[in-house]
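Take a look at the structure below.
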Amino acid sequence: MILHTSHALSPSDEGNFNLTVGFPIGAAALVLSLQPLSNVELWWQLVRGRTVMSGEWAPSRFLLSHEVLANGDWLNGTIAWGVFLWGGIAGLMVLKIFVALFTGGRLLKKCGRSFQRTFFCLTLLVAVQPVFDPSSSTFDFLSILLVAALAQKQRYFSIAAWAVVWANFSTGAIWVIPVFVAFVHHGRMVGVRGTAIWVCALLVCLSLTPRGPLSAVDMLVLAVPWLFNEAVFLTGTGYSNSPVTMSVMAAIFMGLSALVLPGTVRSRKIIVVVLTGVGVMTARYLPLAATVSGLILIDLPDNVRLKKLSHFKGMRVVVSAIAATIVIWNVAGGIGGRSDRLGWGIADSIDLRFTERDLQQHQNSHLKAHCTDVNGAGLLLMACRSVQVLDVPEAAIRGDRLQEFWLMNHDLATGRKVSFIRQNGTEGGWWCELINKDVSLLVVSPKRQAVLTSLEPTLWKPLSLDSPQLVFGVAGIRRFNSQILTTRSQRDLFEYGGWRHELYCRTSVPSHTDLWAATTGFLDVRADIRQAGVFRAMAMNVAAVRTILPVLDFGGRPSCQQEFLKIQQQFAWYEWLNSGQVSALRRQVLHRLQSEVSVPGVPEGELVSDKTAAIPNDAILSYCSGDLTAATAALTSQTVEAQYAKHVFQWESGDSRNADTTLSMMEAAYPDHPLTAMIRLQRDVQ
Amino acid sequence: MSSNVETPRNGTGTERGVHRYAVAVSGLTFVTVVFALMIVPRSAVQLPDHVFPLNSAGIAPVSEEKCFSCHEDHVVRFEEAPHHNTLLPGDDPLVTELLNGKTFTDADSGAEFRYARRDKSVWLESSRRSRPLRVDWLFGSGHHARTPVTVVENPGGGTSVLQHVMSWYPDDAIGWTLGLTEEQRDRPGIEGVAQPHTAQESRSCLMCHTTWLPETEDRLDLARTLPNVSCTRCHTQAEAHVTHAENGNIQDWSALTPLESVNRCGECHRRADHFTADELSTSNELLVRFASASLVQTSCFVNQLPETRFDCMTCHDPHERASANPVFYDQRCIVCHQSNAVCSFSETTDECISCHMPKIEIHEGLKFTDHWIRIRD
């Protein structure tokens, strides 16, 4: 392949270059970091840091009742905890922005005057975005950059020394080996044998932790957990990939590698490609794999003929368009609002304030808890210093307890409450398991709606309804009684009272500033949709629809429509179950939402449609867009179906007085109609 | 965008090497993607068989016919046992025989209930619901009662059992289902006719009344289920036993400790640790229904000696109907209580049961033996 160097740039070209390349990269770095902290492991790592700083050198053993061995990465979280002590959430945000700008600056230096490199730097910036949130991955990311630089300068003893430090801070320290192998050949390094000796030395360095040689084993297990665990047990733990994501990532990465190889034909490169390819197979290591492959690519000589920058027409437009896309994408929260958007502070999903409120009375209680995920464990331990958690996925994977941890969550989700014997001879069933382990708190992620449904008929009751992680205690235990009763009365208010949900802009929340909403008025409704899902899982369908209607009124998004559909299906099912028929209102709403009238569980023959009793389309449209006032106004007919729909609209909007009037009219006109009975049933439950 | 790559027409040796590497990596990419697509999806949704409950394996357990070929006397005797008759499918002729034409009118509310056969099924018709409910299964052996249920799918995709408020009782009449309070008997809507259970609760109900309850992606597969408690529900490792009969490696209950043994029965008859401390009280009359939970509270169980093993099977043979003769049970008591060497509380009479394990009526005409053996006030 013929390599060409670029032409020298004139001073005006340099200026243009700084403007067209420097500004987009800097802006992208800033925008990518100026988003609320959302790493689900944040509090878990901070609590580990706090534990170490308070003099406990084996934090996991202190915090987890199932952990028996010391941590290799015992210092993990200490830096973040130090920053948190210094500046709180703002301090962590400053750290995040610093890391992003540092990365942007480093990449800018590497851009040279190459279009390909600039394009690649922008892509890399997006790929490594998750590591900007302060975590052990941030440490891994910065360490990779450091080790690559040291290897190029042939400072092997410094690399070894850093490997020791790295191993004590993070289980990602295993990346020192592929990075070393990838960059060591740039100098006058000894051959393959010398490299092998240094790799062995690095492995020894990685073992210089309180956990000894096992720490290197831990690193390997966490790097490729799917080699040591059945894939099904990794689902929901943060260590699994969906098959599609995994395949796409593998294909992209290996394709990228195929591009790299022609530029530098060395057998060691293949090793690196394979190792980093393995890293790609675990989603959480994708940013680190991207960093390694990015560093390799950037260091390659240009393999295309470059023209003088100013001569490359459209280059500015392309780069600017890419940068603008990244900026807008991230500022607005991505497609469908799946990711965080421009803001400051901490994301709703990991907001500590709610958990602190729920557990205020139990801060000094020596309790044990089971948490369905690491976010719950972190929030709980941060709120209560004396609490111990059974396990978290990372520790369970390291300690070969993942199956036990996962099956507990599975038993909770599938309602396997009473004890039973599994085919492998072990005992299943969550009820006795929790009692035997002296567990008195359950922390459930709102995403695990099956668990919420499963706990409904049991003595485990939520201590609140609106937390990002729902804490459950056992009814009948004195310490929880008052909170459970308060939550019970809240349920009644949300479901049967005159409660209305109102959307609010999170610029008023001290821990979270939504800059996008503040400037554009587009509210972040993810927490509202999540809350509706929680209510639905707890069979509080009226509360769920009352929560989702303002979101629809605001301009619902697909996830909102999906939640609304599920709630309507629940309503239709309950109508069918209780009265043997589904009302015209629900049938027409379902038809509007899914272009067909079908409800899982209801035989098609029993979804009969009476054309004469149809609800006006305007009413259905208004209802589906959350405007209950317009929906009610559109109902002019006095048929029983119309009266029923009117009652539903009034009831769901929290207007219980007018709903009562409508019910009185129905009882006078249609006393024996099943729909009148349906409303009476609703009131009787109340 | 135009390509600026200059490609030489005749590649050098280095370039051919480069080409080989590129081809190799592309091949590796292909293999990786195929591997990911083939292996991961299957394992991501499918739980391994070994973590399923004994009666929820992916493949059907050893059949009763297989057991019959070597253990004919046991199997024949077991056919009449209550365990073997805990669940009848709705289309079983016995369901029609027991329920068809039975009526009940609640004196207080005036609500009427009637079971009638239509279209090969038995249906519950009631003045409380416009549409009848089909009897899909009949729970219970009939020793105490038999309760019909209707099975429906819920919007979440799970299976929900609707437990009828009417049950069949040994006096060949239907009446309120056991456990319903006065208030629950007069509920509007579906609850006035049948009590809906969540998918999770329904699974628990069915687990104890079936030998095999297969699941497909976390959904109950009732079309394939094997109803009733049969051999392999309790005798685990039957597959290995059938394959290597000479090893006799079937589950040996005598190898279990007394507590393990009682708790195995308690999987369905309730274990003590299924209850809260408040519920485990002699003042809790409903506890009388759950013999295995009560039994382990007793001094006889707690202070037993190894040579006089005491668990459920000391008095009950699960392969046959429990004896109704109190003398049979008195004799079991005397085994330990006839000598001070075994128990310091020697017997003073040969009528132990009537005082220490009386029958308690918890429902009209329905009595259960209290297994919390004790001296009563």
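The analysis underlying the following values was restricted to heavy atoms, covering all of them including side chains, and did not include hydrogens, waters or symmetry mates. All figures in this text were calculated on a predicted structure; none of them were measured in a lab. In what follows, every chain begins at residue 1, and chains take the letters A, B, ... in the order their sequences are listed.
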Quick one: closest heavy-atom pair of [X] and [Y], and the distance?
X      : Y      : answer
A/N578 : B/I190 : OD1-N, 2.8 Å
B/H274 : A/C432 : CD2-SG, 3.4 Å
A/W573 : B/V152 : CZ2-CG2, 3.8 Å
B/S204 : A/G415 : OG-O, 3.7 Å
A/I421 : B/E267 : CG1-OE2, 3.1 Å

Closer than 3.5 angstrom, by distance alone: can the side chain of A/R422 be matched with the main-chain N or O of B/F52 as a donor-acceptor pair?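 It does not hold such a pair.
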- Task: Verify, without hydrogens or angle tests, whether B/R203 (side chain) and A/T414 (backbone) share a donor-acceptor contact under 3.5 angstrom.
- Result: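 Yes, the answer is positive, given that a donor and an acceptor are paired below the 3.5 Å cut-off.
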Kindly indicate whether the side chain of A/L577, heavy atoms from C-beta on, has any atom under 4.5 Å from the side chain of B/P196.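 The answer is yes; the side chains approach within 4.5 Å.
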Taking the side chain as C-beta and beyond, is there a heavy-atom pair between B/V51 and A/T426 under 4.5 Å?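 In short, these two side chains do not touch, never coming nearer than 4.5 Å.
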Tell me, side chain or backbone of [X] under 4.5 Å from chain B's heavy atoms, or both, or neither?
X      : answer
A/E427 : side chain
A/A413 : backbone
A/Q449 : neither
A/S579 : backbone
A/T453 : both
A/L459 : side chain

query: Hey, what do you get for CD (A/E433) to CG (B/D273), rounding to the nearest 0.5 Å?
result: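 These two atoms lie 10.5 Å from each other.
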Atom CH2 in A/W431, atom OG1 in B/T276: separation rounded to 0.5 Å?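 Rounded to the nearest 0.5 Å, the CH2-OG1 separation comes to 7.0 Å.
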- Query: Side chain, backbone, both or neither: which part of B/L162 has a heavy atom under 4.5 Å from chain A?
  - Reply: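 It is the side chain, since no backbone atom gets that close.
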Tell me, for B/R187 versus chain A, whether the close heavy atoms (under 4.5 Å) come from the side chain, the backbone, both or neither.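 Interface part for B/R187: neither.
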Practice task
Could you tell me whether A/R416 and B/E201 have a side-chain N and a carboxylate O separated by less than 4.0 Å?
Solution key: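 Answer for the salt bridge query: no.
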Return the option, out of B/G189, B/P48, B/P155, with the maximum number of heavy-atom pairs under 4.5 Å with chain A.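 Max contact count across the listed options: B/P155.
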